Each structure stands twice: as C-alpha cells, then as structure tokens.
Novice: 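Quick one: the structure is below, questions incoming.
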Amino acid sequence: MSGAPGSGKTTLATALAAQLGWPQVHRDELYAGITAAGDGDRDEVVPQGVAAFWSVTAAYARAGSSVIAEATLYRGQSEAEVRDVLGGRWPIRNLHCVTPTWHERFVARGHEARLNDRALANAPATVPPLDLGCPLLEVDTTDGYDPGLDESARWATA
C-alpha cells in the first residue's frame, strides 16, 4: 500500500487488515519501536526501519501469507526495493491512496516544520503510484473510500 504521507494509508490498511484477517506491516510503527528501544532520533533509525519493513514483509511472503505492507513509498526508488524483496516470487498488488488534502492532514498531525517541508519536497515521488507493472487500485480517501472498503478488499483478494 502506497501514497503520500497523510493520504490515509494507515487508516485504510488497518481497516483492510481487520476485514481480511491479514497481517499488516506498518513502517512508521517500526520506526517508532526502534526509536523507543534506542537513543537515536527518527532520522537516525530510518535505515533500520526500512530494512526491518522489507525483512518482515518478505518473511510473511516466504511463509505463504498475504500481507498488507504499508509505507510512504517513492516512485523511481521504491520499485527497486519491492523487486529486490519480492522479486516476482510472489504476486504483488499496489493499492495507492490519493487525496488532494494529504499535506494538510500531515501538517495537522503536528509534525515539526522540517518534516512538513520534507513531505512537500518529496511529493513528486510520493503522490503518484509506483510503476511496478502489477495490478493497481487507486483509492480516493478524501471523504471515506472511493472505491469503498468492500470493493478494495475484493480487489485485494482477486
């Protein structure tokens, strides 16, 4: 699952995981856990969090489990990570969250200014979906979900 920060990825991923009974890998939770366990700040743990995210995602796939892996991914960069981790061994579907209000939502969370500025600067890589050559569903999260949760769940399991 991809989309810009504040686009609704976490909320939709949690709802889909509950509806489908699938595990969810949430990169920001990994960052928070790594930060809480050590002395580093968020910027220092990003490489560890990214590595853990892909490692856990791959472990679920190797076990034969469907998984919802949710993170802000970057067009032109994250495709290589997806291919390195999943490498055509397992089917991939990309559910991409979109909303014109993503940045306002992100700012409303109370992030410090440098993170807000970074999110805006990264928009050209995070707002469009990844180019993975796999099935893609764009879900508008501006006001609920369009397509809705049931339709997104059917798409994910097709």
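Bear in mind the structure is a predicted one, so any value in this text is a computation, not a measurement. Only this structure's heavy atoms are used, side chains among them; waters, hydrogens and symmetry mates stay out.
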Novice: Give me each pair satisfying ring-ring contact (aromatic ring centres under 6.0 Å, His included) with a member in residues 81-112, each pair once, sequence neighbours excluded.
Specialist: Phe106-His111
Novice: List in chain and number order the residues that pass side chain to side chain donor-acceptor pair (under 3.5 Å) with Thr99, two or more places apart in sequence or in another chain; answer none if no residue qualifies.
Specialist: Thr101, Thr142
Novice: Could you tell me whether a side-chain N or O of Lys9 sits under 3.5 Å from a main-chain N or O of Gly3, the two making a donor and an acceptor?
Specialist: yes
Novice: Other hydrophobic cluster members with Trp22, side-chain heavy atoms of Ile/Leu/Val/Met/Phe/Trp/Tyr under 4.5 Å, chained?
Specialist: Met1, Leu12, Leu16, Leu20, Ile68, Leu95, Leu137, Val139, Tyr145, Leu149, Trp155
Novice: Which residue pairs satisfy the ring-ring contact (aromatic ring centres under 6.0 Å, His included) criterion with at least one member in residues 43-83, sequence neighbours excluded?
Specialist: none
Novice: Under the side-chain contact (heavy atoms from CB on, under 4.5 Å) rule, collect the residues that match up with Glu79, sequence neighbours excluded.
Specialist: Arg75, Arg83, Leu130, Asp131, Leu132
Novice: Output all residues satisfying side-chain contact (heavy atoms from CB on, under 4.5 Å) with Asp84, sequence neighbours left out; order by chain, then residue number.
Specialist: none
Novice: How would you list, by chain and number, every residue that makes a side chain to side chain donor-acceptor pair (under 3.5 Å) with Glu138, sequence neighbours excluded?
Specialist: none
Novice: Side chain to side chain donor-acceptor pair (under 3.5 Å) with Glu112: which residues, sequence neighbours excluded?
Specialist: Arg114
Novice: Which residues pass the side chain to side chain donor-acceptor pair (under 3.5 Å) test with Asn94, not counting sequence neighbours?
Specialist: Ser2
Novice: Can you see which heavy atom on Ser152 is nearest to which on Pro147, and at what distance?
Specialist: OG-O, 3.6 Å
Novice: How would you list, by chain and number, every residue that makes a side-chain contact (heavy atoms from CB on, under 4.5 Å) with Ser55, sequence neighbours excluded?
Specialist: none
Novice: Among the clusters formed by ILVMFWY side chains lying less than 4.5 Å apart, do Leu73 and Leu30 turn up in the same one?
Specialist: yes
Novice: Identify, with sequence neighbours excluded, every residue that meets side-chain contact (heavy atoms from CB on, under 4.5 Å) alongside Asp117.
Specialist: none
Novice: If two hydrophobic side chains count as joined below 4.5 Å and joins carry through other members, does Val67 share a cluster with Val56?
Specialist: yes
Novice: Is there a continuous path of hydrophobic side-chain contacts, each under 4.5 Å between heavy atoms, that joins Val107 to Leu115?
Specialist: no
Novice: Could you identify which residues cluster with Leu136, counting Ile, Leu, Val, Met, Phe, Trp and Tyr as linked when any side-chain heavy atoms lie under 4.5 Å apart, either directly or through a chain of such contacts?
Specialist: none
